There are 2 protein chains.
Amino acid sequence: MIQELIDRYISISFQVHKKAESLIKYQLGNDLTNDQHYILRYIHLAGSCTSTELAEVFEVNKSAITAIINRMTDRGLIERTRDENDRRVVYLTLTEQGIELYQKAQEKIHLLVESIITQFEEPEITAFINTYEKLAEVLNNKKKEELGE
Amino acid sequence: MIQELIDRYISISFQVHKKAESLIKYQLGNDLTNDQHYILRYIHLAGSCTSTELAEVFEVNKSAITAIINRMTDRGLIERTRDENDRRVVYLTLTEQGIELYQKAQEKIHLLVESIITQFEEPEITAFINTYEKLAEVLNNKKKEELGE
DNA sequence: AAAAATAGTTAAACTATTTAACTATTCATG
DNA sequence: CATGAATAGTTAAATAGTTTAACTATTTTT
């Protein structure tokens with residue numbers, strides 16, 4: 001029954017979401033908030049990026065990004081560099097200290113996820129992640145659809 | 001390869017989490033924040049509950065719950081009732097207005113989740129939800145383990 | 001050259017959170 | 001049964017993250 005699946009999905013996604021957040025927070029301790037870690041991760045993987053890009057990816061207003069980046073530049077984790085060709089643009093990159101802190105945190109998250117994933121049989125977790133990826137795609141389209149209306 | 005699965009899991013769970021949060025926020029509009037909706041949901045399903053219980057379920061300090069409940073009692077959505085047998089305890093229940101607002105919100109979330117779930121074949125989504133539920137269990141044990149250390 | 005668009009910041013107001021100190025009540029035990 | 005410990009909840013101060021609206025500076029369009 002579809003109604004039952006919907007209810008189970010709502011319950012369980014909320015629970016997993018909360019628990020995961022809380023476990024990540026526990027791993028990060030006082031070094032970084034979860035949001036700060038996600039942002040460091042994004043900048044690290046991208047090499048460098050702009051506030052506008054972060055605001056789109058994280059689906060918040062640009063001023064929210066400014067605030068987060070301010071806190072991390074104050075701590076010497078992120079650097080701002082003005083684009084000399086288009087002086088409106090500011091590139092964000094990790095400082096050495098930022099890279100170091102990110103990697104230290106990322107290792108912990110990696111171990112956490114490993115300890116969880118290895119409690120499943122490989123075919124089950126692979127199937128799960130495959131569907132999860134499809135779900136991300138569906139949610140992305142849903143978002144565009146909402147905005148298009 | 002397990003390393004690859006871990007990386008895919010970290011990326012995708014973050015993405016889905018963000019998108020889902022943002023879609024729910026869009027559905028709730030200015031009526032409720034996501035956290036407020038989750039708390040109304042919990043109290044509604046439980047019938048009534050205490051701050052301590054909410055703090056445990058949501059894994060935050062009790063003072064965070066006090067703050068959220070204050071905002072919602074101010075808006076007439078939640079009522080506090082002192083237990084006459086144990087006067088330390090305060091029971092939280094939804095007011096009529098709270099029930100009404102919750103149900104209105106819940107309908108929207110339900111439709112949202114339905115529109116997402118129905119884009120999958122039934123066996124796939126059922127398998128997904130089953131694994132998701134196991135995952136919730138694993139995360140729960142992980143949490144206890146962390147605290148036990 | 002003037003108007004429109006873009007990138008980013010600032011300021012004010014708000015929600016959510018933590019920590020530490022506190023009140024009020026109940027439990028435990030010596 | 002009195003006192004000290006535990007429990008339930010609140011308060012206050014500090015911090016993180018968010019939105020909205022107004023702003024600066026720059027580039028693009030027309």
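Because only heavy atoms are used, hydrogens play no part in the values below, and waters and symmetry mates are left out as well, while side chains stay in. Labels below follow one simple rule: chain letters A, B, ... track the order of the sequence lines, proteins then strands, and each chain is numbered from 1. Just so you know, these numbers come straight off a predicted model, no measurement behind them.
- Take B:Arg88 and apply the salt bridge (Lys or Arg N to Asp or Glu O under 4.0 Å) test, not counting sequence neighbours, and it matches B:Asp86.
- Pairs engaging residues 96-105 of chain A under the salt bridge (charged side-chain N to carboxylate O under 4.0 Å, His left out) rule: A:Asp31-A:Lys104 [sequence neighbours left out].
- Sequence neighbours left out, the pairs with a member in residues 47-93 of chain B that pass ring-ring contact (aromatic ring centres under 6.0 Å, His included) are A:Phe14-B:Phe58.
- Listed by residue number, the members of residues 82-100 of chain B with any heavy atom below 4.0 angstrom from DNA chain D are B:Arg88, B:Val89, B:Val90.
- Between A:Thr33 and B:Ala67, the residue whose closest nucleotide on DNA chain D is further toward the 5' end is B:Ala67.
- A side chain to side chain donor-acceptor pair (under 3.5 Å) check over residues 63-77 of chain A, counting only residues at least two apart or in different chains, returns the pairs A:Asn70-A:Arg80.
- Within the structure, every pair that satisfies the salt bridge (charged side-chain N to carboxylate O under 4.0 Å, His left out) test and touches residues 107-127 of chain B, not counting sequence neighbours, is listed here: A:Lys134-B:Glu124.
- Each ring-ring contact (aromatic ring centres under 6.0 Å, His included) pair with one or both residues in residues 103-125 of chain B, not counting sequence neighbours, would appear here, but there are none.
- If you walk DNA chain C from 5' to 3' and mark each nucleotide with an atom closer than 4.0 Å to a heavy atom of chain B, the marks span C:dT15 to C:dT26.
- Scored by the salt bridge (Lys or Arg N to Asp or Glu O under 4.0 Å) test, A:Asp83 finds no partners at all (sequence neighbours excluded).
- As a whole-Å value, the separation of B:Asn61 CG from D:dA12 P is 18 Å.
- Within residues 39-60 of chain B, the residues that have a heavy atom under 4.0 Å from DNA chain C are, in order of number, B:Val60.
- Screening residues 42-66 of chain A for salt bridge (charged side-chain N to carboxylate O under 4.0 Å, His left out), with sequence neighbours left out, gives A:Glu59-A:Lys143, A:Glu59-B:Lys19.
- Contacts of B:Ile65 with the nucleic acid, taken as non-hydrogen atoms under 4.0 Å apart, are absent.
- Residues B:His37 and B:Gln106 have side chains that bring a donor and an acceptor to within less than 3.5 angstrom of each other.
- Partners of B:Asp7 under the salt bridge (Lys or Arg N to Asp or Glu O under 4.0 Å) rule, at least two apart in sequence or in another chain, do not exist in this structure.
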